[in-house]
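The shown structure was predicted, so the numbers you read here are calculated from the model rather than taken from an experiment. Chain naming here is simple, since letters A, B, ... match the order of the sequence lines and numbering starts at 1 in each.
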2 protein chains.
Amino acid sequence: MNAKSSPLLSLTPLEKTPDQGVNLWVYHSLRRALMCGQIEPGLPLTIRGLAEVLHVSPMPIREALHRLTCEGAVEVRDNRRVMVPQMTAARFKELYELRIVLETHAAESALPYCRPEHLAELERLDHLIDLAYQNNDTGEGSLANQDFHRYLYQRNPFQVAVPLIESIWLQLGPFVRFAKNKLTQHYRIDRHKEALQALHQQNAFALRRAIEADIRDGLASIQALEGIHAHFKEQALSA
Amino acid sequence: MNAKSSPLLSLTPLEKTPDQGVNLWVYHSLRRALMCGQIEPGLPLTIRGLAEVLHVSPMPIREALHRLTCEGAVEVRDNRRVMVPQMTAARFKELYELRIVLETHAAESALPYCRPEHLAELERLDHLIDLAYQNNDTGEGSLANQDFHRYLYQRNPFQVAVPLIESIWLQLGPFVRFAKNKLTQHYRIDRHKEALQALHQQNAFALRRAIEADIRDGLASIQALEGIHAHFKEQALSA
DNA sequence: TAGGCATTTTCGTGATCACAATTAGATGCG
DNA sequence: CGCATCTAATTGTGATCACGAAAATGCCTA
């Protein structure tokens, strides 16, 4: 009996499966773990290993890993091993620029559809963010922040950018866990309030500026962390 | 023996599998079929049916369909049936706006990495596009056009937008087949030439304008088709 | 004691099987 | 003759198995 010594992963597997298949439950569990930085980049993820950790058959794991692969959350090395990709400073910068491009566009395209009741819901979601950060729960705060942005963008019923944005979030997720210092939280301007005001005034330009500033603030609060680049793999330039 | 009457699909399954697994071969075959509009939107795709058409076991089909699902190429109706999503005018417009946002950004970020030898390759790819259209091969022309754009964007070694752009292409793919009229080809301005000139001059602004114009030209040539909207499902507004 | 090679283990892939859910066709009632 | 119901075929999901390839382990030699 090979008692796998794999449990380098705690992997709180979300609350039990309500009704959705085992497949989706495994996917969401792994996704959550990725997003909260519970999986070490570079550590090889094996199908059978994860299957044992989550107490399911290898099949749902296989499908979840494939899905996460095509979403960019994990990558396949030389056609075999799968792992969370190493981050580089250049890729980090590209991902954040893409966030700005995509999310300012998504916000502007959602602006005409925003009704007063939606603004109320956004204020509620923004309050949840504050609560999470007051509890020093960085992971939950990050997820709540995504809920705020996602709800805004999805006001546009024809929105097609959200899956792409979520893919970017997923690629950045494993590295935001280092932003545990709430120091910058004290001094930061609440860009969400600015966004809400812009929404109220139906001011597309102000909305874009608020969203961009919000994203740049998050980036700055991460880059301000000393030693953050130690977690980035030096890029092997093969020009 | 249930002789499936499914062959509503011709599905020229690409050239045989060179060395990559059956999995990837199936995926690329389906992707190619999607891109060339060989699969009727709304027609239900079944795992076992496709498995019989491609003469493989259901397993590679299952994985390919899942991957195409998370790329937005196909969608799952009420958690069971999978099919090419119906297009609406609103979604069409959103997808093209997203193309412009993503591709102008990708082009600009690739600009600093463009060397003379890359420009030569781009001219070669542009020539292939002309050849395809001269042969009235719309499908091949569309693929060649994607090769041109992809090669340009990938000059940036830290590019992260290309997978997202390919997802948009994949969602638009099944509907560009209607653009079979080469009438607009005669009068259109060659935006790729403009892009190449901008690249040569390292002019970011001109490059963005060329790429945006190129995309808008393609959109216009499709929308100019009378009756194209007959292929769009009227959107069911549930506000 | 360190390095090269062969054996063994582990892994991903692809195939087949069993089962619940859904759907399409058949049947019976009004 | 039309419609509701029931039955049977079909589908997606999840589990298990077999196989070739890649790694890890151990062994042997210099």
Side-chain angles (χ1 to χ4, degrees), chain A residues 1-9 13-14 16-30 39 42-70 73-85, chain B residues 1-9 13-14 16-30 39-40 42-71 73-85:
Chain A
M1 188 65 93
N2 43 5
K4 302 291 300 295
S5 63
S6 56
L8 288 148
L9 310 175
L14 275 183
K16 296 297 180 71
T17 162
D19 58 329
Q20 55 191 5
V22 183
N23 211 328
L24 277 181
W25 171 73
V26 168
Y27 167 73
H28 283 119
S29 294
L30 289 180
I39 299 179
L43 184 141
L45 299 176
T46 66
I47 293 179
R48 289 175 172 89
L50 290 173
E52 186 172 353
V53 171
L54 293 182
H55 303 289
V56 294
S57 95
M59 188 64 66
I61 306 285
R62 195 206 298 201
E63 303 205 349
L65 283 184
H66 282 153
R67 179 166 176 184
L68 290 170
T69 298
C70 96
V74 298
E75 73 177 3
V76 180
R77 282 299 223 229
D78 51 39
N79 226 353
R80 294 298 256 182
R81 279 298 193 292
V82 48
M83 54 185 247
V84 176
Chain B
M1 185 67 92
N2 43 4
K4 304 291 299 298
S5 63
S6 57
L8 288 147
L9 309 175
L14 273 183
K16 296 297 179 71
T17 161
D19 59 327
Q20 55 191 4
V22 184
N23 212 327
L24 277 181
W25 171 73
V26 169
Y27 166 73
H28 283 120
S29 294
L30 290 180
I39 299 180
E40 183 78 13
L43 184 142
L45 298 176
T46 65
I47 293 179
R48 289 176 172 87
L50 290 174
E52 185 173 353
V53 172
L54 293 182
H55 302 289
V56 294
S57 95
M59 188 64 68
I61 305 284
R62 195 205 298 200
E63 304 205 348
L65 283 183
H66 282 152
R67 180 166 175 184
L68 291 170
T69 297
C70 96
E71 289 177 310
V74 298
E75 74 177 3
V76 180
R77 283 299 226 229
D78 53 37
N79 225 354
R80 292 298 256 184
R81 280 296 194 294
V82 48
M83 53 182 249
V84 177

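A straight line from CZ of A:Arg81 to P of C:dT9 spans 17 Å, rounded to a whole angstrom. If you measure from atom CD1 of B:Ile47 to atom P of C:dA21, you get 18 Å, rounded to the nearest angstrom. In this structure, B:Ile61 places its CD1 atom 14 Å from C1' of D:dG12, rounding to the nearest Å. With rounding to whole Å, B:Glu52 atom CD is found 13 Å from D:dT10 atom C1'. Atom P of nucleotide D:dG12 and atom CE of B:Met83 are separated by 14 Å, given to the nearest angstrom.
Applying the salt bridge (charged side-chain N to carboxylate O under 4.0 Å, His left out) rule to A:Arg67 yields no partners; only residues at least two apart in sequence or on another chain are considered. Residues that satisfy the side-chain hydrogen bond (donor to acceptor under 3.5 Å, both in side chains) test with A:Glu63, not counting sequence neighbours, are A:Asn23, B:Arg62, B:His66.
Regarding contacts with the backbone of D:dT13, a side-chain N or O of B:His66 is found under 4.0 angstrom from either OP1 or OP2.
Between A:Trp25 and A:Val56, the closest heavy-atom pair is CZ3-CG1, 3.7 Å.
Under the salt bridge (Lys or Arg N to Asp or Glu O under 4.0 Å) criterion, no residue pair touches residues 21-30 of chain A, with sequence neighbours excluded.
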Take nucleotides 14-21 of chain D nucleotide by nucleotide from the 5' end and write B, S or -, depending on whether a protein heavy atom sits under 4.0 Å from the base, only from the sugar-phosphate, or from neither. BBB-B-BB
Criterion side-chain contact (heavy atoms from CB on, under 4.5 Å) on B:Leu43 and B:Val84, from CA distance to verdict: CA-CA 7 Å; B:Leu43 184 142; B:Val84 177; over 6 Å; no
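A donor-acceptor pair shorter than 3.5 Å can be found between the side chains of B:Glu71 and B:Tyr27.
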